[in-house]
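To keep things clear, I will list the structure first and then write my remarks on it.
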Amino acid sequence: MCWSVTSRMLHHTIADRYVRQRTMYGRLLRMCFALAGMFWIVIYLQPIEAHAALRSGQSVIYFILMTVWGLDYMREQRRLTLIITAANQRGIPPCELEFAAVADRASLFSMLTPSRGIAGIVFPVIFTAGLVTAYVLVILQYFSALSRL
């Protein structure tokens, strides 16, 4: 039987490895995008002289957020390709493929918690550092705008 937390495509042994991490990561990323997006309202509530300084700070935030989002998209594509390829090689539907069949690429299933291998360490560090940096920059932007009032 095929079942998973977020989709019916993954076997529970695979879903249990990364769905919770990816869900949390996705929520944090979307929330940071939302905070950065809502900041535009704050920018236009400021005097016109402050607009350029406040807008320039937004570029770095969006660069960081788009980078971690793009890396996540790239890894999601690789995860799904790995699952589909392994399932096709075994002649089974992807929802029946167990984690043991793709365990040699376990680093692909780690979002925020480091795992074995260089990719299992580097990508979670990039995702975590990217999110933390973006949140800090967004908060600093809000403080900067509020101090101008």
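Excluded from the calculations below are hydrogen atoms, water molecules and symmetry mates; all remaining heavy atoms, backbone and side chain alike, are included.
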Please lay out, stage by stage, how H11 and F99 fare under the test ring pair (Phe, Tyr, Trp, His ring centres under 6.0 Å). CA-CA 8 Å; H11 189 271; F99 183 74; over 10 Å; no
Side chain R75, main chain S110, donor-acceptor under 3.5 Å: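 Pair found, side chain donor or acceptor close to backbone of S110.
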Kindly say whether S144 contributes a backbone atom to a donor-acceptor pair with the side chain of S147 at under 3.5 angstrom?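 Indeed, once roles are kept as given, a pair shorter than 3.5 Å links the two residues.
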Report yes if the side chains of [X] and [Y] come closer than 4.5 Å at any heavy-atom pair, otherwise no.
X	Y	value
L28	F33	no
I14	R79	no
P124	T113	no
P94	L10	no
R55	Y44	yes
M31	Y135	yes
F109	R22	no
L137	Q141	no

Point-to-point distance, once rounded to the nearest 0.5 Å, from [atom1] of [X] to [atom2] of [Y]:
X	Y	atom1	atom2	result
T67	D72	OG1	CG	12.5 Å
R105	T81	CZ	OG1	9.5 Å
L65	L131	CG	CG	7.5 Å
C32	Y62	SG	OH	9.0 Å
M66	I61	CE	CD1	14.0 Å
T128	M111	OG1	CE	9.0 Å

Could you walk me through whether R116 and D104 pass the salt bridge (Lys or Arg N to Asp or Glu O under 4.0 Å) check? CA-CA 10 Å; R116 291 181 298 173; D104 60 326; over 6 Å; no
Looking only at heavy atoms, what is the nearest atom pair of [X] and [Y], with distance?
X	Y	answer
L97	T13	O-OG1, 4.5 Å
Q58	A36	NE2-O, 2.9 Å
H51	I43	NE2-O, 3.0 Å
Q46	L54	CG-CD1, 3.5 Å
L112	P114	O-CD, 3.6 Å
A86	V102	CB-CG1, 4.0 Å

Quick one, V138 with F39, criterion side-chain contact (heavy atoms from CB on, under 4.5 Å). Give me CA distance, side-chain angles, the key distance, then yes/no. CA-CA 8 Å; V138 166; F39 187 71; 5.9 Å; no
Got a sec, which residues hit side-chain contact (heavy atoms from CB on, under 4.5 Å) with R78, two or more places apart in sequence or on another chain? M74, L108
Give a yes or no on whether [X] and [Y] share a hydrophobic cluster (residues Ile, Leu, Val, Met, Phe, Trp, Tyr; joining criterion: side-chain heavy atoms under 4.5 Å apart).
X	Y	value
L35	M24	yes
I126	L29	yes
I64	L71	yes
M38	V60	yes
I121	F123	no

Between Y25 and F127, how do the two ring planes meet: parallel, tilted or perpendicular, split at 30° and 60°?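 Judged by the thresholds at 30° and 60°, the geometry between Y25 and F127 is tilted.
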Would E76 and Y18 count as a side-chain contact (heavy atoms from CB on, under 4.5 Å) if you check the C-alpha gap in whole Å, the side-chain angles of each, and the deciding distance to 0.1 Å? CA-CA 11 Å; E76 183 68 10; Y18 92 106; 3.5 Å; yes
